[in-house]
Each structure stands twice: as structure tokens, then as C-alpha cells.
Asker: 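Take a look at this one; I'll ask things after.
All of these numbers come straight from a predicted model, not from anything done at the bench.
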Amino acid sequence: MCQFYLCFPSDCLSLSFHLFSSLSPILSLSPSHTLPLSPIPPPPIQLFLDCCAEGGCGACTVMLSKYQPHLRRVHHSVNGCLAPLCSLHHCAVTTVEGIGSVAGKLHPVQERIAKSHGSQCGFCTPGIVMSMYSLLRNNPTPRMADIEEAFQGNLCRCTGYRPILEGYKTFTKVRPHKHTLSVMQHPEDETSVFPAPLYNPADFLPLDPTQEIIFPPELMSSQQLRFRGERVLWLQPASLDQLLELKTQYPNAKMVVGNTEVGIEMKFKNLLYPVILAPAYIPELNAIQHTDEGIVFGASCSLTLLGDVLKEAVGKLPSYQTEVFTSIQEQLRWFAGLQIRNVAAVGGNIMTASPISDLNPVFMAAGCKLTLMSKGGGERVVVMDEKFFPGYRRTILTPEEVLLCVLIPYTKKGQYFAAYKQSPRREDDISIVTSGMSVTFAEGSTVVKHLALSYGGMAATTVMAKNTASRLLGKQWGEELLQDACSSLAEEMTLHPSAPGGMVTYRRTLTLSLFYKFYLTVQQKLASEGAHMEGVRADYISATEIYHQTSPSSVQIFQAVPDGQKEEDVVGRPMMHLSAMKQATGEAVYCDDIPLYENELYLCLITSTKAHARIQSIDTSEAESMPGVVTCVFAKDIPGSNMTGPIIYDETVLAVDTVTCVGHIIGAVVADTQAHAQRAAKAVKITYQELQPVIITIQDAITHQSFFQPVRTIQRGDLDQGFTQADHILEGEMHMGGQEHFYLETNVTVAIPRGEDGEMELFVSTQSATKTQSLVAKALGVPASRVVIRVKRMGGGFGGKESRSTTLSTVVAVAAQKLKRPVRCMLDRDEDMLVTGGRHPFYGRYKVGFMKSGKVVALEVTYYNNAGNSIDLSLSIMERALFHMENSYSIANIRGRGYVCKTHLPSNTAFRGFGGPQGMLIAESWMSDVALSLGLPAEQVRRLNMYMQGERTPYSQILDHITLDRCWDQCLEISSFNQRRAGVETYNRDHRWTKRGLSVVPTKFGISFTALFLNQAGALAHIYTDGSVLLTHGGTEMGQGLHTKMVQVASRTLGIPSSKIHITETSTNTVPNTSPTAASASSDLNGAAVHNACEILLHRLEPYKTKNPKGCWEDWVSTCQSCTVLFLIGWTPDLGYDFETNTGRPFNYFSYGVACSEVEIDCLTGSHKNMHTSIVIDVGNSLNPALDIGQVEGGFMQGVGLYTLEELKYSPEGYLFTRGPGMYKIPAFGDIPTDLTVSLLRDAPNDKAIFSSKAIGEPPLFLAASVFFAIKDAITAARKESGLSGPFRLDSPATPERIRNTCEDRFTKLCPPAEPGTFTPWAVVV
């Protein structure tokens, strides 16, 4: 334990807090700083990993401990990125380093996530550890529901979440085996299975709550604080009188308790609040009073405290009194993450005046009373009604007034209340539409006496449906009232087609759908209480049910290693990721963790705000005069070539005359700190002359014929003959949206000039060290041999750091060369999302000919992808889409054509699957249409058309060793498909407003780089005289466990324990000319290189073993003088494909898999839940079942995001709206299937890869399409209720908006969309 006293410049008091960590004291700070302190010298420190800076990912979670008499908890988790340092006065902060270490002793929380394989890239791991640790400090024996709630504010992009929940389930009283089963199949007997967990819980350290660090007693007091920084004055009053006095003195001061809104405004909206008042410790603002009217909460009470008090009241009071309380509790379940709720104040939520607030509609519908106070005006009480918010982000409070408290009233007999929230993701998401609804009936009747309908998300403020409420007064609660209400709401709750936020038709429909839910809920309650009215129809009741999450269960099936395999031979065993322990303790070093160099500077990019324009002038005078600024960097400062690009040099390092996308890098500001550099970059003034046309969407590109060349075509068979032969022909189209990589660690580079011969060393988070080396050297005008690229590990990559990472690295290197000083830059999340591009959006048109049986005999498909403003890897991505245009189906007559669209968006790039997921989804779309048009089960049509052994693909490659049929049959078996299908049909007959869907989807994924020259790798092995081995290879570690697998390969080959082998990093001065770590081929390529390098070393050791046959490993290597070898391997020389002749062999082999998924959709809101998924996948002989299953689950969940959730939204002018976790939603813990089974296909050795294994990184992602088509299956059932049948278009992702709008019914008919072309949409489909 260490205590630090933070002393500030003049006009301040000491700020003291305890920091439970292994770090240095902090000497120089500003009040606007939050807990990530690495950019602040001196000294170099890092409290935790900063990822999004808006409290949306949880990577920065720490435990905050403070004493306040009113608090129910002393310890709680918080987002460090939103915690102002001044707010920590008299608090204790515990980081992941403070609870355990690898060298010392791991805390059980750290140990269990590591050993349960719950850490892959590891960037999110410290935050998840601290969320769990904070929970255990308050509740040592939590329920699973408590654990799931604790993780609502944490995201992970790698693991798929299952192993994290499974590992931490061991802290509950429920034994893990009741929820989770891992089994191994006997290598000789397929029917023999036996429990064999991927880890052994018996090995875990026990949790001993008595050994935790106590809360420091010297912090059990509070005092006022005044701190004046460079631009901000922080005032923390200790009494209400002081607060009122300060508010009179500074009427425009911002009041901050949790900083969950103001912090984001200052960071992302570039707002400056010179004076901040922090009333968190004022007793009156934290008081809670129970009165005859209801419960009064002080304005500074946290939302967590609000929920706890209301929960206690609901348990004690009659249910008729607590309907508002219950509704608020329900809203709080989905209000942000626990870290936010722990600090966000109820008063702050009201005063923020957000038009999409979760709680304000509830407070308005309930008629909550607010007590306001000022020094001059005294106290006044106002009702929170339609007059409280006079405009956007405004309230009726005067500048001198403060909100003292809020009264939440009891409900009365005859009053019914409900609240609703609809958002893209259920957990930790901002709302699309929220609502609070209250109805009071005349005594002893069902006649409406009072009605309040409040909506958020339908205007610039929270609004009341006054006209509708007035129209329904005096009416009986029945069908006639329902019809009147819906007609009136459709008229009253209107939105302009161009309204901010978009989704206009969906939002309008939701106002009706949510009222209908309320109507049925009230009807059900009235009937149950004996009112003279019919009860709710049995098949309608599901519309009234509140969502309750079921704790997930899982099964993992893998094949045991052969009998007799030596214990030290770890190949095929579930070995833990080598860095897992370090990642769990915060000791794993990422690029930005490298300590600051002497004289180091920080760089911030200057980017374009226009999509297509000519630069007229750049004014840097204001920026260069700002504190800490050293220089600005532009194209004229580049000593070498300004042209760049991964294959074709069609991009500039820095823009010269013209910008071709919003986010085009024009220059950079270099300053002494990150804050100074970012502030100065915003001060650079650029004037533009806008150019035409502005091409944003694929449709724009088609209109303007804006395509990169060449146009690729693959054709086989006679298409005309095939269509003539067909019994039926149908045509269709589909759009598939792009996807943000959302690696938790954004792009980062540290460049260090070495002072002679133009040498430079760069630490980079990149998948492509060699390409980074060559492009940096090109920009600097030096040979590649003068540039060294070093990669320790990445916090995720997924293809996003294959080529686009160089856009940052080259700029940082140019700045470092210009100044001859080290320069660092780690992009903020919003910058990274803006400039780096993502997965290509695709648009497909198809014409398919098929027989009555469902057999497809002819297919013509045309693909368009949105490449952005440069070619990057887009042509190769289109080629892979064409290689997968038939997915797993044999089609005799087929033609595919691919157009690469040139648009004014940031260049899109590689992403896990590299075009395959887009090509195969459109294939499954026409396969679904064939089944729907014939009225046949989709699984029957898919099975009929599947490839068989020895058949040819459209690109003439013969399929051998095909295991698709085995995967299919086993998937149907383990999913109990037939019983499940019968259950779905029964459920759908019995439920009108919720429907279930089921789908089984195969995949065939080709393995190799389609660029032949990339199919090579290298390895460098050193054996030292003490017997230890230092291994280096050409691949980079981004969480996938590549280094772990390479150690396993070397261990088996050399015949030594894996503990003797170490991999330190990937670098261009050890293994040269490496291929990117991509295409799922890295284990195959680098594994072969490692294996061959080790075999060469064994051959060199053979004479020493012969001389000393009784010796040991150490004896032999101590006498050998040639125990170093660099081995470069060329892989599979017969690979290659010619598009002109349709000949060749583009893939070395194929990975196969099948997934079956079941979902349930809410037809009224469009929400869905993933109920079941079974996956069977062929990974050959698994090198490491734990890592491979982790890749399957992680890839699958990334695919779930791609196909059902993640949506990039661009303005018609090319501006990206979704630039952080606040608006861009990846899957969360609650999105994993409730029941998940993963089985690695047994007895499927692959003779084309190391130790008969197969690639695993990319193939599983597409299997999430089973969820998409299960949703489509459920929508089909919903449409049948409205008399609709046959094929229909469902674009990807299948968001709640698309699901609801496609489930056409009486409510959607009341809210027709505006005619296209009559308005400018807020966002466009790119």
C-alpha cells in the first residue's frame, strides 16, 4: 500500500488519495485530467489501459473506494477514463497491478480468467478483472446474475465472453459442472466421451476476503477543494451554503458528480467549461427521505444507490404503491454499465436534458417533483412535466439555481405504470425510443381518468403525447380505445424524414408498439384483479413479459491426444495462452506502455472535414502559438516519397492539394503532451473548395461508374443452358453493411531516431511488420535496412492492422525524422474509427435458376464492394468474395462478377474473413429465397445442394478430403435439430407477438493468401548453452495465441519442455521479409518454418547426442557451437490462379464447418435473443483445443455483431457518426447464446499443414450467419400472421429496426416511410 499526496500550483489545497498499485507518484496534473496518466511527464506511468475515453468499453475499470455515510457500498467499479483526478480527493484507487502480480502472487480473480482461457489479446482483461474484483469486495459469494450485471459495462472483442463467465462462475455457489461441460472424445472410440475440462477448477486459489486491503481510515473525512489549472477551475464545496454561494458567483459553471456527460462533452465536442462545481459530498444532495408521497432522493445520489433503495422499497411495500419504482428499476437494468451507474447522479441525468434519456420519460409520466434552490430565490418545487424542457438540452432552471432533490411518488390504487426502452443492443446502450406510461382509472371501473404518455427519442426534448392522452380520457380500456390511441399517436408522434438519428419509420412505429405493450399489460392486470373485461389472449401474453436473462450454459467437445503421447508433448493439449497471466495482472506490455523516452514528443493528426475538396489554405498560426507545441508536419516535410499503399501506391502519406474523404490525413501537430497536441490540432484552420461529385455509397458509384480496375469474373458451365433447364428463376438483391474492427488497442506507434545513417526504430501495433518497414523507409527516403520495426503484442487486430496501421506509422516516423526526437502517437478511439476504414460494405444482385426439388442449376451474381478512396486490399477482398460466391454448394452453371467501387470514404481494408463472409452471406440469401419460393425447409434445400467429395468449384479446384457432410450431420445431431424444429413450430403457433426461428448454415473457407508470394514464412531459433531456447518467427501476436502454438510446435520438434522456450517479440531485424499475420495461415506458415528450423538444429546436435547418448539436453547444447538457425520457407509451390483462363489452385486446402442457431424475436420492437447455437468445425488435428475453441467462439461472436448488430452510419456528406462505443455497438456479454455447444470435428487430419492441423482464425466467423437466417426464419413466421409469404429482402445487419420494419402489421401500416428522393436522409447506406 502506498499513499500519494498530489500537490498542485497556487490557489489550491493538497489532493490526497491512496493508490493501490505498483506505480510511481504523480507530480504534475491538471483538473481536466482523468485517470489515464501516461501522457503526463514526469514520470512515465500508466494506471490502466485507456481505450475509448467515453466509458463505453470498460478497459479502464478500476475500483474506487470512498467513505460517505449515506453509501451502501464503500467499494465500487468506475471508468477511469471519466474519473477526474480532482474527484478522487480522499478516495482510494485500486488498479489491477495493486491486487496481484506474476512475480509475487496472483489474486484469484486474475488467476481464474487466465487459466479458464478468458484472455486472448488481453487489452480488455484488466478492466474485466477489476469489475469482478469490485463485485467480490462487496459480495464474496455472488450469484451469476450479479456477475453478469457487473460486466454490463465491459467489452471484449476476442473471446466471445463464454470462457470469462465460465471461469468466474467458480466464485458462485453453483457448481460449474451444472452449467458447463467440456468433454474429450477418446482417440480410438468415437462413442467414448469423458469429462475433460479445458482447465481444472481444483487448481484455483481459494478466495479469502479477509486478506483484502482495508479502506484507509485516514480517508474517512471530506473537505472542500479548490484547484486552478491551466484552463479549468475545480471547486468542491463542503456544504449546501457554499454551493449556492459559488453558483451565484459562477452562474454558468457546470456541476459535475459522475462526469459521465460533461467529460464526454469536453473530450468529443471540444467544449470548455472554465469553472466546474463538484457537489458530490454535500449531505443535503445525498440525503434519502421516505415521505407520505414517495421517496425523496438528493440530486447527487448515484443511480446504483437509487436502484438499491427502490429495490428495498419494492420488497416492503404493497405492489400497487411501487409501480413507478419497479419501472425505474427495469430502466436501470439497461442504463449504461455498472461503472457508469456507480457514479452517475440522478440529478445529473435530469439536468443533462438528453432527448433520449432513459429515465426522464419515466419521471415525467410519474409526475415527479423537483426541489430547486438558489441563494437569492430560495427554494421552489416544480413538477417535471412537458414544460420542464423548453428546448434541446435546456431546462427551466435559472443559472443560479441548483437541483436539490427529486421526489419519486408512490402509485395509487387504480393506477398502472410501465416504462420501456428500445436500443440497438440490450446492455449498455443509448436508447432509440424510451417511454413512460401511466393510466389511472375511475374508481371501480375501466374508464380512463388520467393518462400520461411520455416519450424520449421523438423530438429535441422529452415530450408528452398530450393530444392522445386528452382524446382517450373517459373511454373504456378496450379495443376501441386502442385503435383511437394508435391513430392519434401516429398523427401526434411525427418526425421529419431527415430527423437526426434517422430510423424515422422505426421510431414512429415504436411509439405505437410500446403503447400496445402497455395496453396489453394493463388489460392483463385489470382482468386478473376482477375487472369486467376480457383477459389478454393466450398467444398475446408474451408481449407483456419483461425480459429476463438466463445464465448461459455451454459444452465444448474436442478429441483427446493419442494414448502414449508424452506428458511434456503439449501439442494437442489445452495449454494456456503464454501471456494470459501477465495480461490478467496488467504486466503485459503493449506499445503505448513503453516508458517515455527522454525528449519524447506526442503527435496528433490533422484530418479533413470534407469528403471531396481542394485545399485552399492551411493556417497553423494559432496552433503553433499554443502551449507545448513544437512543430506542424505537412507533405513538404517528407524527405522521401509521399506516395504510399500496401500494393499499389495510390495514396499519399499526407494530403497535398486535394482531400478525398472525411478523415483524410493532411498533417500533424507535434507537442510535448497528448493534451497539448490534440488541442493544437483542433486549432488548425483549413479552408476548402468543395468538389463534385461526392460519391459516398455503392449506388453513387454505380451511378457515376466509379470503379477501380480490373473487374473480376469467374465463370464455369453454360449459364444460358442452365437457366433454360431450370423449372424456376428468381432474382434478388441484398446489401451487407461494413464493420469496424474495434480492436481494443487502437493504432499506436513510437518512433525513435537512432542518430546516424538515417536509422530509425519503431514500436508499432501492426500485423505487417515488413510492410510497415518498407513504407516508412520509402517515406524517409532510406533503405529498408535502416528501419527496424518491433512488435511485442497487439491488443487485437482482426485485419485492421494489416495495411492501414501504416497510415499512422509513416506520419510518426516523418515527424521523428524531422525533429530528431522520439515521437509517439496512440489514436483515440474516435480518430481510429474515422481514419482507418473497416470491413467492406457489399451489394449483391443475383439471378438463380432451380428445379422443383430445390436443386440450383444456374447462378449469376454480381458483387459491388465499397472500397473507399484507395484500392488498398479491395481487389483481393473482391476476389475472395468471388471464390466464395457459391459457399458450400455445387452449381453446374455459374458466373460471378465483382466491381470494386471507388468512393469518397476512408479506404476500407482487410477484416477477418477478407470478403468471404460477404460473398457467402449473399449466397445464403439466394439459397433462402429458393427455399421460401418453393415452400421447402431451408435445411433440406441446403443439404441437397452441398458439395460432395471430388466435385469442382467454379474456379476449377477439385475438393478432396471434404468433411462438410460429417460436420452437417454431427451439427444436426448435437443440436437436436428435429426436436428443436418441432419446438419452434409449436412455439410460433402459440405466440403472436414473439416468434422463434431456426437455421443451419454451412461454410467452406479456402486457406492461403490468394497473392502467391505471401505464402512464405521464416523462423529464427537460438539455443543457449544453458538449454534455453529463444524463438522468433515472422508472425505477430494479437491474441490469437500464435506465439503459444509456435512454442508448442518447437517443444514437440526439439523434444524439450515448453518452459524452456521463449518468444520475446517479432522484429524485422531478426526475421526479414515476412508476410502479414493474416489469411488464417500464420500457424501453417510459421509453424512449418519453426518446425524446419528446429529440425535443422536437431540435426546439428546429432553428433553430440551420439557421443554422449546418456546425456541430457543441457549436456548436448552446452558443447554445440552452431545452435542458431534462420529458416525461410516457401509454401506449396503449386498454388496460384489465373482469372483469365479460370485455371489454377488458389487454395491449399479448405476448412469446413456448420452451425445451427435458434433465436427469438420480439415482433413489436425488433429485439432478438440468441437462444441456442451448436457449432461443428473441422480444425484438423488441433494444435491447442483451448485456443482453437476460443477462436471459434470469438470469431462467431464477431460474426454475430457483423450480421445482427454492428452498423456504421455515414451522413450523405461522408461524415462517420458512429465513432465510438456510444453509437457503435459490438456484442456484449448478454449477446452470447444462452446455450452454446462447440465441437471440434474428430478424426480429420490435414496433411497440408503442421502436425495435421488446420487454420482457425477466419472460418468460424461466417457461421454466425446461422443467427441471421434464424432471425429471417422467425420474421417469416411473423409475416405469415399478416398473410405475407414468399421471398423477402432482409439486409445485413439484422438490426431491431430492420426486424421490426419487416414484421409488417397493423402498426407499421400507420407509419409509412417517406418517399425516397423527397428528403435528405440523416444517414445513408454506404
Asker: For R716, enumerate each residue passing the side chain to side chain donor-acceptor pair (under 3.5 Å) test, keeping only those at least two apart in sequence or located in another chain.
Answerer: none
Asker: Closer than 4.0 angstrom, basic N to acidic O: yes or no for R980 and E985?
Answerer: no
Asker: Would you check if E1207 and P424 make a side-chain contact, meaning some heavy-atom pair closer than 4.5 Å?
Answerer: no
Asker: Begin with the C-alpha distance, continue with both residues' side-chain angles, and end with the deciding distance and a verdict on salt bridge (Lys or Arg N to Asp or Glu O under 4.0 Å) for K1169 and E1160.
Answerer: CA-CA 5 Å; K1169 56 183 176 182; E1160 181 179 304; 3.8 Å; yes
Asker: Within 45 degrees of the ring normal and closer than 6.0 Å to the centroid, is that where the cationic atom of K1254 sits relative to Y1149?
Answerer: no
Asker: Any ion pair linking R712 and E879 (charged N to carboxylate O, less than 4.0 Å)?
Answerer: yes
Asker: Compute both the distance and the angle, then confirm whether R1279 meets the cation-pi test with F1288: under 6.0 Å from the six-membered ring centre, within 45 degrees of the axis.
Answerer: yes
Asker: For side chain to side chain donor-acceptor pair (under 3.5 Å), just list the numbers for R952 and Q957, CA-CA rounded to whole Å, side-chain angles, deciding distance to a tenth of an Å, and then say yes or no.
Answerer: CA-CA 5 Å; R952 286 183 181 270; Q957 183 163 345; over 6 Å; no
Asker: Is any NZ, NE, NH1 or NH2 atom of the basic residue among R1289 and E733 found under 4.0 Å from an Asp or Glu carboxylate oxygen of the other?
Answerer: yes
Asker: Would you check, one step at a time, whether the test side chain to side chain donor-acceptor pair (under 3.5 Å) holds for T1276 with D1273?
Answerer: CA-CA 5 Å; T1276 301; D1273 187 49; 5.1 Å; no
Asker: Just by distance, do the side chain of Q918 and the backbone of P841 share a donor-acceptor pair under 3.5 Å?
Answerer: no
Asker: Using side-chain heavy atoms (C-beta onward) and a distance below 4.5 Å, is M503 in contact with W1322?
Answerer: no
Asker: Look at the side chain of N1015 and the backbone N and O of L1012, then say whether any donor-acceptor pair between them is shorter than 3.5 Å.
Answerer: yes
Asker: With a 6.0 Å cut-off on ring centres, are F1005 and H884 close enough?
Answerer: yes
Asker: Does NZ or CZ of K855 come closer than 6.0 Å to the centre of the six-membered ring of F850, within 45° of the ring's axis?
Answerer: no
Asker: Ignoring hydrogens and angles, tell me if any N or O in the side chain of S1080 forms a donor-acceptor pair with the backbone of E1258 under 3.5 Å.
Answerer: yes
Asker: Side-chain contact test, heavy atoms from C-beta onward, threshold under 4.5 Å: evaluate it for I877 versus R880 and give yes or no.
Answerer: no
Asker: For the pair N908 (side chain) and G838 (backbone), establish whether a donor and an acceptor sit closer than 3.5 Å, ignoring hydrogens and angles.
Answerer: yes
Asker: Determine the sole option in F798, Y1224, F911 for which the ring pair (Phe, Tyr, Trp, His ring centres under 6.0 Å) test with H741 is passed.
Answerer: F911
Asker: Could you check whether any side-chain heavy atom of C1163 comes within less than 4.5 Å of a side-chain heavy atom of K995, counting everything from C-beta outward?
Answerer: yes
Asker: Are the side chain of Q767 and the backbone N or O of K801 linked by a donor-acceptor pair below 3.5 Å?
Answerer: yes
Asker: Find out whether V1001 and V1154 are in side-chain contact, i.e. whether some heavy atom of one side chain is under 4.5 Å from a heavy atom of the other.
Answerer: no
Asker: Side chain to side chain donor-acceptor pair (under 3.5 Å), that's the test. Do T1173 and S1157 meet it? Break it down for me.
Answerer: CA-CA 4 Å; T1173 293; S1157 291; 2.9 Å; yes
Asker: What distance do I922 atom CD1 and H735 atom NE2 have between them, rounded to the nearest 0.5 Å?
Answerer: 9.0 Å
Asker: Keeping N893 on the side-chain end and V857 on the backbone end, is there a donor-acceptor pair under 3.5 Å?
Answerer: yes
Asker: Is the NZ or CZ atom of R845 positioned over Y863's six-membered ring, under 6.0 angstrom from the centre and within 45° of the axis?
Answerer: no
Asker: With a 4.0 Å cut-off on N to O distance, would you call R981 and E939 a salt bridge?
Answerer: yes
Asker: Does a side-chain N-to-carboxylate-O contact under 4.0 Å join E860 and R895?
Answerer: yes
Asker: With a 4.5 Å limit on heavy-atom distance, are the side chains of Y843 and T862 in contact?
Answerer: no
Asker: What pairs meet the ring pair (Phe, Tyr, Trp, His ring centres under 6.0 Å) rule with one or both residues in residues 946-972, with sequence neighbours excluded?
Answerer: F883-Y955, Y955-F1147
Asker: For atom NZ of K902, is the number of surrounding heavy atoms from other residues, nucleotides or ligands below 6.0 Å larger than 12?
Answerer: no
Asker: As an exercise, state the distance from SG of C901 to NE2 of H704, rounded to the nearest 0.5 Å.
Answerer: 12.0 Å
Asker: Should E740 and K1209 count as an ion pair when the cut-off is N to O under 4.0 Å?
Answerer: no
Asker: Begin from the C-alpha positions of D929 and Y846 and carry the test side chain to side chain donor-acceptor pair (under 3.5 Å) through to its verdict.
Answerer: CA-CA 11 Å; D929 285 355; Y846 50 82; 2.6 Å; yes
Asker: Assess whether side-chain contact (heavy atoms from CB on, under 4.5 Å) is satisfied between I1177 and I1256, documenting all intermediate values.
Answerer: CA-CA 9 Å; I1177 192 162; I1256 190 59; 4.2 Å; yes
Asker: Report the distance from atom CZ of R839 to atom CG of L1261, rounding to the nearest 0.5 Å.
Answerer: 5.5 Å
Asker: Drop me the distance from M736's CE to L921's CG, to the nearest 0.5 angstrom.
Answerer: 5.5 Å
Asker: Is there a side-chain contact between T903 and N869 in this structure, where contact means two heavy atoms from C-beta onward sitting under 4.5 Å apart?
Answerer: no
Asker: Nearest 0.5 Å, please: how far is CZ in F1009 from CG in N1148?
Answerer: 13.0 Å
Asker: Apply the side chain to side chain donor-acceptor pair (under 3.5 Å) test between N887 and each candidate in R942, E924, K1004; give the one that qualifies.
Answerer: E924
Asker: May I ask you to check whether Q970 and S1239 show a side-chain donor-acceptor distance below 3.5 Å?
Answerer: yes
Asker: Any side-chain to backbone donor/acceptor pair from R966 onto D969? Under 3.5 Å, distance only.
Answerer: no
Asker: Any side-chain heavy-atom pair from C971 and C1156 closer than 4.5 angstrom?
Answerer: yes
